[in-house]
Amino acid sequence: MDGPSKEEEEDSTFTNISLADDIEHGSFCLQPAPSSLVRDLVAAHMDDLSARVDAVKEENLKLKSENQVLGQYIENLMSASSVFQTTDTKSKRK
(Lines give C-alpha, C1' and ligand atoms only; values in the text may rest on other atoms or scores of the structure.)
Protein backbone atom coordinates (compact mmCIF):
# COMPACT_ATOMS: atom_id res chain seq x y z
CA MET A 1 0.00 0.00 0.00
CA ASP A 2 1.91 2.92 -1.30
CA GLY A 3 -0.71 5.66 -1.18
CA PRO A 4 -3.94 6.35 0.60
CA SER A 5 -6.83 4.00 -0.03
CA LYS A 6 -9.92 5.08 -1.90
CA GLU A 7 -11.84 5.57 1.38
CA GLU A 8 -9.06 7.75 2.80
CA GLU A 9 -9.07 9.84 -0.35
CA GLU A 10 -12.84 10.37 -0.10
CA ASP A 11 -12.59 11.30 3.58
CA SER A 12 -9.79 13.75 2.92
CA THR A 13 -11.86 15.35 0.16
CA PHE A 14 -14.49 16.36 2.67
CA THR A 15 -12.00 17.51 5.30
CA ASN A 16 -9.95 19.53 2.83
CA ILE A 17 -12.86 21.62 1.56
CA SER A 18 -12.17 25.23 2.31
CA LEU A 19 -14.80 27.23 4.11
CA ALA A 20 -13.64 30.34 2.29
CA ASP A 21 -15.91 29.57 -0.68
CA ASP A 22 -18.92 29.14 1.61
CA ILE A 23 -18.20 32.36 3.47
CA GLU A 24 -17.83 34.29 0.23
CA HIS A 25 -21.13 32.91 -1.06
CA GLY A 26 -22.91 33.70 2.19
CA SER A 27 -23.90 30.20 3.25
CA PHE A 28 -21.99 30.40 6.54
CA CYS A 29 -22.16 34.11 7.01
CA LEU A 30 -24.52 35.07 9.82
CA GLN A 31 -25.41 38.60 8.97
CA PRO A 32 -27.32 40.70 11.46
CA ALA A 33 -30.86 41.56 10.49
CA PRO A 34 -31.21 44.98 8.91
CA SER A 35 -32.12 47.63 11.44
CA SER A 36 -35.27 48.46 9.48
CA LEU A 37 -36.47 44.87 9.87
CA VAL A 38 -35.76 44.94 13.60
CA ARG A 39 -37.51 48.30 13.89
CA ASP A 40 -40.55 46.96 12.02
CA LEU A 41 -40.72 43.87 14.22
CA VAL A 42 -40.44 45.93 17.40
CA ALA A 43 -43.08 48.36 16.15
CA ALA A 44 -45.45 45.51 15.31
CA HIS A 45 -44.87 43.95 18.72
CA MET A 46 -45.44 47.29 20.44
CA ASP A 47 -48.66 47.83 18.47
CA ASP A 48 -49.86 44.40 19.57
CA LEU A 49 -49.00 45.09 23.20
CA SER A 50 -50.67 48.48 23.04
CA ALA A 51 -53.86 46.95 21.66
CA ARG A 52 -53.83 44.32 24.40
CA VAL A 53 -53.34 46.98 27.10
CA ASP A 54 -56.24 48.98 25.67
CA ALA A 55 -58.46 45.88 25.69
CA VAL A 56 -57.55 45.14 29.32
CA LYS A 57 -58.25 48.75 30.34
CA GLU A 58 -61.63 48.61 28.62
CA GLU A 59 -62.49 45.32 30.33
CA ASN A 60 -61.37 46.76 33.67
CA LEU A 61 -63.65 49.79 33.30
CA LYS A 62 -66.55 47.53 32.31
CA LEU A 63 -66.02 45.30 35.35
CA LYS A 64 -65.75 48.29 37.69
CA SER A 65 -69.04 49.61 36.36
CA GLU A 66 -70.71 46.22 36.78
CA ASN A 67 -69.36 45.97 40.33
CA GLN A 68 -70.84 49.36 41.19
CA VAL A 69 -74.23 48.30 39.84
CA LEU A 70 -74.10 45.01 41.74
CA GLY A 71 -72.98 46.78 44.92
CA GLN A 72 -75.89 49.21 44.69
CA TYR A 73 -78.29 46.33 44.00
CA ILE A 74 -77.06 44.44 47.07
CA GLU A 75 -77.34 47.58 49.20
CA ASN A 76 -80.92 48.08 48.04
CA LEU A 77 -81.78 44.45 48.80
CA MET A 78 -80.25 44.68 52.25
CA SER A 79 -82.07 47.91 53.08
CA ALA A 80 -85.37 46.41 51.91
CA SER A 81 -84.95 43.25 54.01
CA SER A 82 -85.93 43.20 57.66
CA VAL A 83 -83.06 40.82 58.41
CA PHE A 84 -80.53 43.55 57.77
CA GLN A 85 -82.42 46.39 59.47
CA THR A 86 -80.78 47.94 62.50
CA THR A 87 -82.74 47.44 65.69
CA ASP A 88 -83.13 50.03 68.39
CA THR A 89 -83.12 48.09 71.67
CA LYS A 90 -84.12 51.15 73.79
CA SER A 91 -87.44 51.65 72.00
CA LYS A 92 -88.38 47.99 72.39
CA ARG A 93 -87.78 48.00 76.18
CA LYS A 94 -90.23 50.82 76.89
Quiz item: Shared ILVMFWY cluster between Met46 and Val38, side chains joined below 4.5 angstrom?
Solution: yes

Practice problem: For the pair Arg52 and Val56, evaluate side-chain contact (heavy atoms from CB on, under 4.5 Å) and give the outcome as yes or no after the intermediate values. | Solution: CA-CA 6 Å; Arg52 289 170 56 189; Val56 169; 5.5 Å; no

Practice problem: Test side-chain contact (heavy atoms from CB on, under 4.5 Å) on Ser36 and Arg39 and set out the steps. | Solution: CA-CA 5 Å; Ser36 61; Arg39 188 175 34 248; 3.6 Å; yes

Self-check item: Pairs involving residues 60-69, ordered by first then second residue, that meet side chain to side chain donor-acceptor pair (under 3.5 Å) (sequence neighbours left out)
Solution: none

Self-check item: Contacts of Asn76 that satisfy side chain to side chain donor-acceptor pair (under 3.5 Å) - sequence neighbours left out
Solution: Gln72

